[in-house]
*Asks:* 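Sharing a structure below in structure tokens format, with a few things to ask.
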Amino acid sequence: MFQGAHDATNFEHNPFWLYSLKQYKAEKCAQFLLAAQDDWDLDINFLLYIGWLSTQEKIPSLSTALTYSKTWQAHVVKPIRSLRRRIKQQAQTKSNTQWYQAIKQLELAAEQRQQAWLYLESLKWPKHTCGFDECFQEMITEYLKHEGIKQSKEWLQALKEYLQP
């Protein structure tokens with residue numbers, strides 16, 4: 001039991017990260033989330049966080065987590081992503097392809113670090129009596145309002161389906 005508790009706080013194996021890997025691999029989920037990232041500058045990790053918190057029946061105040069995530073994304077993840085995308089355009093040689101893969105792994109590690117912090121932050125919050133739908137609706141509404149984005153009911157329903165295990 002003690003080993004499981006240790007693994008749960010390891011950013012590579014915490015329950016939020018494992019949920020994210022599973023959901024992201026689901027059919028068309030990655031494509032949907034990447035479009036949200038590219039079209040509206042939404043944070044995929046934060047969308048996954050809302051989904052995972054909803055499975056945990058937690059509705060925290062998202063203010064601290066949003067501030068941390070926006071800062072981490074702006075100063076760490078997005079610069080790495082930008083570099084990776086520039087290198088991808090030039091990845092014609094074997095050495096450039098290897099360089100691209102290394103930068104891609106660095107980007108993934110930066111996202112794991114963000115998720116580790118978010119996971120540890122989530123341990124502070126108690127469970128609520130809400131189900132997935134209610135938790136999801138409250139948090140996604142707060143997040144999109146914070147981002148100044150209004151989405152259609154169809155888009156929100158699709159997101160909810162991708163994030164619900």
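No hydrogens, no waters, no symmetry mates; every other heavy atom, side chains included, goes into these values.
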*Asks:* Counting only heavy atoms not in Lys104 (residues, nucleotides, ligands), do more than 12 fall under 6.0 Å from its NZ?
*Replies:* no

*Asks:* Output, in order, the C-alpha distance, side-chain angles, deciding distance and verdict of side chain to side chain contact (heavy atoms under 4.5 Å, CB included) for Leu108 and Gln105.
*Replies:* CA-CA 5 Å; Leu108 184 63; Gln105 288 304 310; 4.0 Å; yes

*Asks:* Centroid separation under 6.0 Å, is that true for the rings of Trp52 and Trp17?
*Replies:* no

*Asks:* Could you grab the distance from atom OG of Ser54 to atom CG of Leu163, nearest 0.5 Å is fine?
*Replies:* 8.0 Å

*Asks:* For a ring pair (Phe, Tyr, Trp, His ring centres under 6.0 Å) with Tyr68, tell me which candidate from Tyr49, Phe46, Trp117 qualifies.
*Replies:* Trp117

*Asks:* I'd like to know if Glu111 and Arg81 make a salt bridge, using a cut-off of under 4.0 Å between side-chain N and carboxylate O.
*Replies:* yes

*Asks:* For Gln56, does the CD atom sit with more than 12 other heavy atoms under 6.0 Å from it, leaving out its own atoms?
*Replies:* yes

*Asks:* Between Asp43 and Tyr143, what is the shortest heavy-atom contact and its length?
*Replies:* N-OH, 2.9 Å

*Asks:* For Asp41, is there an ion pair with Lys78 - N to carboxylate O distance below 4.0 angstrom?
*Replies:* yes

*Asks:* Can you tell me how far the SG atom of Cys130 sits from the CD atom of Glu138, to the nearest 0.5 Å?
*Replies:* 7.5 Å

*Asks:* Rounded to the nearest 0.5 Å, how far does CG of Leu34 lie from CG of Leu42?
*Replies:* 12.0 Å

*Asks:* Run the side chain to side chain donor-acceptor pair (under 3.5 Å) test on Ser20 and Gln115 for me, step by step, so that the C-alpha distance in whole Å, both residues' side-chain angles and the decisive distance to 0.1 Å come before the verdict.
*Replies:* CA-CA 9 Å; Ser20 296; Gln115 284 204 2; 3.1 Å; yes

*Asks:* Rounded to the nearest 0.5 Å, what separates atom NZ in Lys150 from atom NZ in Lys145?
*Replies:* 11.0 Å

*Asks:* What distance do Ile87 atom CD1 and Trp99 atom CH2 have between them, rounded to the nearest 0.5 Å?
*Replies:* 5.5 Å

*Asks:* Glu161 vs Gln157, test: side chain to side chain donor-acceptor pair (under 3.5 Å). Steps then yes/no.
*Replies:* CA-CA 6 Å; Glu161 290 174 13; Gln157 181 62 35; 2.9 Å; yes

*Asks:* Going by heavy atoms in the side chains, are Asn45 and Gln73 under 4.5 Å from each other?
*Replies:* yes

*Asks:* Taking all atoms of both residues into account, what is the closest heavy-atom pair of Phe136 and Ile50, and its distance?
*Replies:* CD1-CG2, 3.9 Å

*Asks:* Passes side chain to side chain contact (heavy atoms under 4.5 Å, CB included), Leu47 versus Ile140? Steps please.
*Replies:* CA-CA 8 Å; Leu47 292 172; Ile140 196 64; 3.7 Å; yes

*Asks:* Looking at every heavy atom in both Ala158 and Phe32, which two are closest together, and how far apart are they?
*Replies:* CB-CE1, 3.8 Å

*Asks:* Do His146 and Lys70 have side chains that get closer than 4.5 Å, going by heavy atoms?
*Replies:* yes

*Asks:* Counting distance only, does the side-chain N/O of Lys58 pair as donor-acceptor with the main-chain N or O of Trp125 below 3.5 Å?
*Replies:* yes

*Asks:* If every non-hydrogen atom of Asn14 is compared with every non-hydrogen atom of Ala116, which pair is closest and at what distance?
*Replies:* ND2-CA, 3.9 Å

*Asks:* If you apply the rule side chain to side chain contact (heavy atoms under 4.5 Å, CB included), what do you find for Leu53 with Cys135, and how did you get there?
*Replies:* CA-CA 8 Å; Leu53 285 172; Cys135 291; over 6 Å; no

*Asks:* Could you give the distance from CD1 (Ile80) to CD (Glu107), rounded to the nearest 0.5 Å?
*Replies:* 7.0 Å

*Asks:* Nearest heavy-atom pair of Ala110 and Val77: which atoms, and what distance?
*Replies:* CB-CG2, 3.9 Å

*Asks:* So do Trp40 and Glu147 actually touch side chain to side chain, heavy atoms under 4.5 Å?
*Replies:* no

*Asks:* Quick one, Ser122 and Phe16 - any side-chain contact, counting heavy atoms below 4.5 Å?
*Replies:* no

*Asks:* Between Leu144 and Gln151, is any pair of side-chain heavy atoms under 4.5 Å apart?
*Replies:* yes

*Asks:* Pair up each side-chain donor or acceptor in residues 22-31 with any protein partner under 3.5 Å, not counting sequence neighbours, and list the distances.
*Replies:*
unit_1 : atom_1 : unit_2 : atom_2 : d
Gln23  : NE2    : Tyr162 : O      : 2.8

*Asks:* Do Trp72 and Arg113 have side chains that get closer than 4.5 Å, going by heavy atoms?
*Replies:* yes

*Asks:* Under the criterion side chain to side chain contact (heavy atoms under 4.5 Å, CB included), I'd like the reasoning laid out for Leu33 against Leu48: C-alpha separation, chi angles, the key distance, then a yes or no.
*Replies:* CA-CA 9 Å; Leu33 293 175; Leu48 288 164; 4.0 Å; yes

*Asks:* Report yes if the side chains of Ile103 and Lys88 come closer than 4.5 Å at any heavy-atom pair, otherwise no.
*Replies:* no

*Asks:* So, Glu121 and Thr64: side-chain donor and acceptor under 3.5 Å apart, yes or no?
*Replies:* no

*Asks:* Please give me the minimum heavy-atom distance between Pro60 and Met139, naming the atom from each residue.
*Replies:* CD-SD, 3.6 Å

